[in-house]
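Let me begin by presenting the structure, written as structure tokens, before commenting on it.
FYI, side chains are in, hydrogens and waters are out, and symmetry mates aren't considered; it's all heavy atoms of this structure. Chain identifiers are assigned alphabetically (A, B, ...) following the order of the sequence lines, protein sequences preceding nucleic acid strands; residue numbering begins at 1 within each chain.
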Amino acid sequence: DVKVTQSSRYLVKRTGEKVFLECVQDMDHENMFWYRQDPGLGLRLIYFSYDVKMKEKGDIPEGYSVSREKKERFSLILESASTNQTSMYLCASSPSVGAGFFGSGTQLSVL
Amino acid sequence: SQQGEEDPQALSIQEGENATMNCSYKTSINNLQWYRQNSGRGLVHLILIRSNEREKHSGRLRVTLDTSKKSSSLLITASRAADTASYFCATDARTDKLIFGTGTRLQVFP
């Protein structure tokens, strides 16, 4: 069974903390994505990676960075968490021009 | 910027009825995909339609694509209470990036 695994289902952090969200896929997919989902706004793309060490900004990259040192792992980093980054974070992977597979999501609360 | 926009935002129907959701997008695409999301969970891929295809079926799902109008529709026939979920379209804008719309919340009453 294909899998995209996000390291945490729920996470609570304090303002100013550095936060790491990890995502691992076991399908050897080239593409990996980080989205955030907020009520009424749908899924918004934060960052996209199409290969190891390659990344591209999405629509809302401010306040975030990413790391893809290995093909199977794509990390989202909040350098200094703020309350407006409280959200559901969804990781996905896909082959080139193909269906996306999603993790279960991480609900992050920044207090 | 949001590439896709679903319509309606919310839809309530009775079991057995058909549900139709529409998606409009802005730029040329290689393919368009539909996903389903149960409350608080990740998205599940339903169907992919390529830009050179006009219609595709998968079980009770029927997807159409009109590239001249930059629009797609998802039809769920003979709906069931278990179809209650949010449905999203996603387009690739001729890249590998998947850009999603804001979704349609479907409620199917028993």
In one Ile/Leu/Val/Met/Phe/Trp/Tyr side-chain cluster, 4.5 Å: A:L76, A:L45:
no
Common cluster, A:I60/A:Y89, ILVMFWY with side-chain heavy-atom separation under 4.5 Å:
yes
Aromatic contact between A:F102 and B:F100, with the criterion being ring centroids under 6.0 Å apart: yes or no?
yes
Part of A:F48 lying under 4.5 Å from any heavy atom of chain B:
side chain
CG/A:N31 to CG/B:D92 distance, rounded to the nearest 0.5 angstrom?
10.5 Å
Determine which residues belonging to residues 78-86 of chain A lie within contact range of chain B, meaning some heavy atom pair is under 4.5 Å apart, and list them by number or answer 'none'.
none
Could you have a look at B:R50, B:Q9, B:H45 and say which one has the most heavy-atom pairs with chain A under 4.5 angstrom?
B:H45
Counting only non-hydrogen atoms closer than 4.5 Å, does B:R105 touch chain A with its backbone (N, CA, C, O), its side chain (CB onward), both, or neither?
neither
Whatever's closer than 4.5 Å to a heavy atom in chain A on B:Q37 counts as side chain
Does A:V66 belong to the same Ile/Leu/Val/Met/Phe/Trp/Tyr cluster as A:L108, with side-chain heavy atoms less than 4.5 Å apart forming each link?
yes
Does the side chain of B:L43 come within less than 4.5 Å of A:L90's, by heavy atoms?
yes
Taking atom CZ of B:R60 as the centre, does the number of heavy atoms from other residues, nucleotides or ligands within less than 6.0 Å exceed 12?
yes
Answer with yes or no whether the hydrophobic clustering places A:V110 together with A:Y64; edges join I, L, V, M, F, W, Y residues whose side-chain heavy atoms lie under 4.5 Å apart.
yes
Using non-hydrogen atoms only, which part of A:E30 is less than 4.5 Å away from chain B: side chain, backbone, both, or neither?
neither
Show the nearest heavy-atom pair for residues A:F33 and B:K97, with the distance to one decimal.
CE2-CA, 3.9 Å
For residues 74-111 of chain A, the disulfide (SG to SG under 2.5 Å) pairs (sequence neighbours left out) are A:C23-A:C91
Using heavy-atom distances under 4.5 Å, tell me whether A:Q37 contacts chain B through its side chain, its backbone, both, or neither.
side chain
Out of curiosity, does B:W34 fall in the hydrophobic cluster containing B:L61 (side-chain heavy atoms, cut-off under 4.5 Å, transitive links)?
yes
Bottom line for B:L98: the part with an atom under 4.5 Å from chain A's heavy atoms is both
So which heavy atom on B:R41 is nearest to which on A:S104, and how close?
NH2-OG, 3.6 Å
Distance col, row A:D59:CG vs B:I99:CD1, nearest 0.5 angstrom, shows 5.0 Å
Give a yes or no answer on whether the side chain of B:Y35 reaches the backbone of A:G100 with a donor-acceptor pair at less than 3.5 Å.
yes
